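For reference, the structure is listed below as structure tokens.
Quick note on labels: first sequence line is chain A, next is B, and so on, each numbered from 1. Computed from a prediction, not measured in an experiment: that's the story for all the values here.
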Amino acid sequence: MNLKTNIPVNLDLTIRSGQLFHWTKIANNTFKIIIRRTVIKANQINENIIKVEIKGEKLDEEKLRTTLGLNIERQKLLTILKKDKLISQIIPSYEGLTIMKQDPYECLISFMASAVSNIPRIMLNLNNLRDETGTLIMGSNDNSLPSAKDIVCIGEERLRNIGLGYRSKFIYLTCKKLIEEQISLASWLIKTDSELLTLLTQFPGVGRKIAECVMLFGFGRLSAFPVDIWVQRGLIYLMPNLKNMSPVDLSEWGTNRWGEAAGMAQQILFCAAKNGEIFD
DNA sequence: TTGCAGGGGCATC
DNA sequence: GATGCCCCTGCA
């Protein structure tokens, strides 16, 4: 199936931008992405076409487009950011970047695993978690992420053996809470942003940063603005007068400044800072 | 080899 | 609000 976009997109840039951890590169411009019980092979044909093949559970075209971030109004968001004199200077390298849409539960577990870690390690931990405790996706060689129930059965010790360190306790307790309180994350889709932030930060091990990531990448809240060390550095480079603000305050600041384009702004800032582009 | 920093959060003061 | 601690991996 070919997915077309009206505005150029860059799959490679998007996938490697640190928003999704469940993927492998299998060829030039071709990636294998695991989401829930589906394996998506995505191959960028040209700047407006991505060819996809799927294994496991079916996803219709609309769902695939949403998953790959092709349905958000990027033209509109970029227009907002380009009017901002500060951030507009770093946009050109990242015009093809988009925000993908993950499963809320998988996104929550993934970003809990990301705390005080680094991308290679996060991907290693999550790969091992899937391989050792997930279940095989029919018609593929890949496992899906274990469910909350699975993780409760596995126990904290097993998570530690997988290498998740002190995050193991938090992930275990969060899954226990999900099961015991019969929480359906899907039912949170109708919550307001501030309600969602409050609910997410009630999970053990989930503070402002992780909650904002889950809102942005799992719930499609494009005005969320997660602030980690890289985004903080990026902001301070562009606006030195922000240097005394805490990450929590910067998060609010970003959402207030860029509104519905805040999520896109943070992703651009994150990439620019990590690539060393914003330092001279 | 060693030391350090890495997409935080929490308890304690 | 500031500080120490939680774990372990990649990297210099």
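- Here the options are A:Ile171, A:Thr174, A:Thr133, the test is side-chain contact (heavy atoms from CB on, under 4.5 Å), and the partner is A:Ile151; only A:Ile171 passes.
- Between the side chain of A:Thr66 and the backbone N or O of A:Glu62 there is at least one donor-acceptor pair closer than 3.5 Å.
- If you check every strand for non-hydrogen atoms under 4.0 Å, A:Lys169 touches nothing.
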Taking it one step at a time, do A:Trp253 and A:Trp258 satisfy side-chain contact (heavy atoms from CB on, under 4.5 Å)?
CA-CA 9 Å; A:Trp253 184 92; A:Trp258 291 302; 3.9 Å; yes
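- Within the 3.5 Å criterion, the main-chain N or O of A:Gly96 finds no donor-acceptor partner in the side chain of A:Asn10.
- Aromatic rings of A:Phe203 and A:Phe170 (six-membered ring for Trp) have centroids beyond the 6.0 Å cut-off, not under it.
- Shown for residues 94-110 of chain A: no residue has heavy atoms falling under 4.0 angstrom of DNA chain B.
- Screening A:Arg36, A:Gln102, A:Arg130 against A:His22 for a side chain to side chain donor-acceptor pair (under 3.5 Å) leaves a single residue, A:Arg130.
- Between the NZ atom of A:Lys209 and the C1' atom of B:dG6 there is a distance of 12 Å, given to the nearest Å.
- Here A:Arg74 does not pair with A:Glu95 in a salt bridge; the nearest charged N to carboxylate O distance is not below 4.0 Å.
- Here C:dC6 presents its C1' atom at 13 Å from CE of A:Met112, a figure rounded to the nearest Å.
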Without placing hydrogens or testing angles, list every side-chain donor-acceptor pair under 3.5 Å for residues 178-185 of chain A, not counting sequence neighbours.
from     : atom 1 : to       : atom 2 : distance (Å)
A:Ser184 : OG     : A:Ser187 : N      : 3.3

Letter per nucleotide, 5' to 3', of nucleotides 7-12 of chain C [B base touched, S only sugar-phosphate touched, - untouched; heavy atoms, 4.0 Å]:
BBBS--
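- Using a distance-only test at 3.5 Å, with no hydrogens or angles considered, no donor-acceptor pair links the side chain of A:Glu57 to the main chain of A:Thr38.
- Contacts between residues 210-219 of chain A and DNA chain B, defined by a heavy-atom separation below 4.0 Å, involve A:Ile210, A:Cys213, A:Phe217, listed by number.
- Atoms CG (A:Asn244) and P (C:dA2) sit 10 Å apart, rounded to a whole Å.
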Between N or O atoms, less than 3.5 Å apart, protein on one side and nucleotides 10-13 of chain B on the other: list the pairs.
from   : atom 1 : to       : atom 2 : distance (Å)
B:dC10 : OP1    : A:Gly205 : N      : 3.0

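- For DNA chain C, each stem of at least three Watson-Crick or G-U pairs (distances under 3.5 Å) is given as range with range: B:2-6 with C:8-12, B:8-13 with C:1-6.
- A:Arg37 and A:Thr135 form a side-chain donor-acceptor contact under 3.5 Å, judged by distance and modelled atom types alone.
- Nucleotides C:dC7 and B:dT1 are separated by 24 Å at their P atoms, to the nearest Å.
- Salt-bridge formation is detected for the pair A:Asp142/A:Lys32: a Lys NZ or Arg NE/NH1/NH2 atom is positioned less than 4.0 Å from an Asp or Glu carboxylate oxygen.
- With A:Ser144 contributing its side chain and A:Ile137 its backbone, the two residues share no donor-acceptor pair below 3.5 Å.
- Counted by atom type alone, A:Glu260 and A:Ser223 present zero donor-acceptor pairs between their side chains at under 3.5 Å.
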Full working for side-chain contact (heavy atoms from CB on, under 4.5 Å) between A:Glu53 and A:Lys51
CA-CA 7 Å; A:Glu53 296 168 25; A:Lys51 181 184 171 190; 3.9 Å; yes
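- At a threshold of 4.0 angstrom between heavy atoms, the contacts of A:Gln232 with the nucleic acid are absent.
- With A:Ser246 contributing its side chain and A:Asp249 its backbone, the two residues share a donor-acceptor pair below 3.5 Å.
- The residues A:Asp228 and A:Lys209 are annotated as not salt-bridged, no charged nitrogen and carboxylate oxygen being separated by less than 4.0 angstrom.
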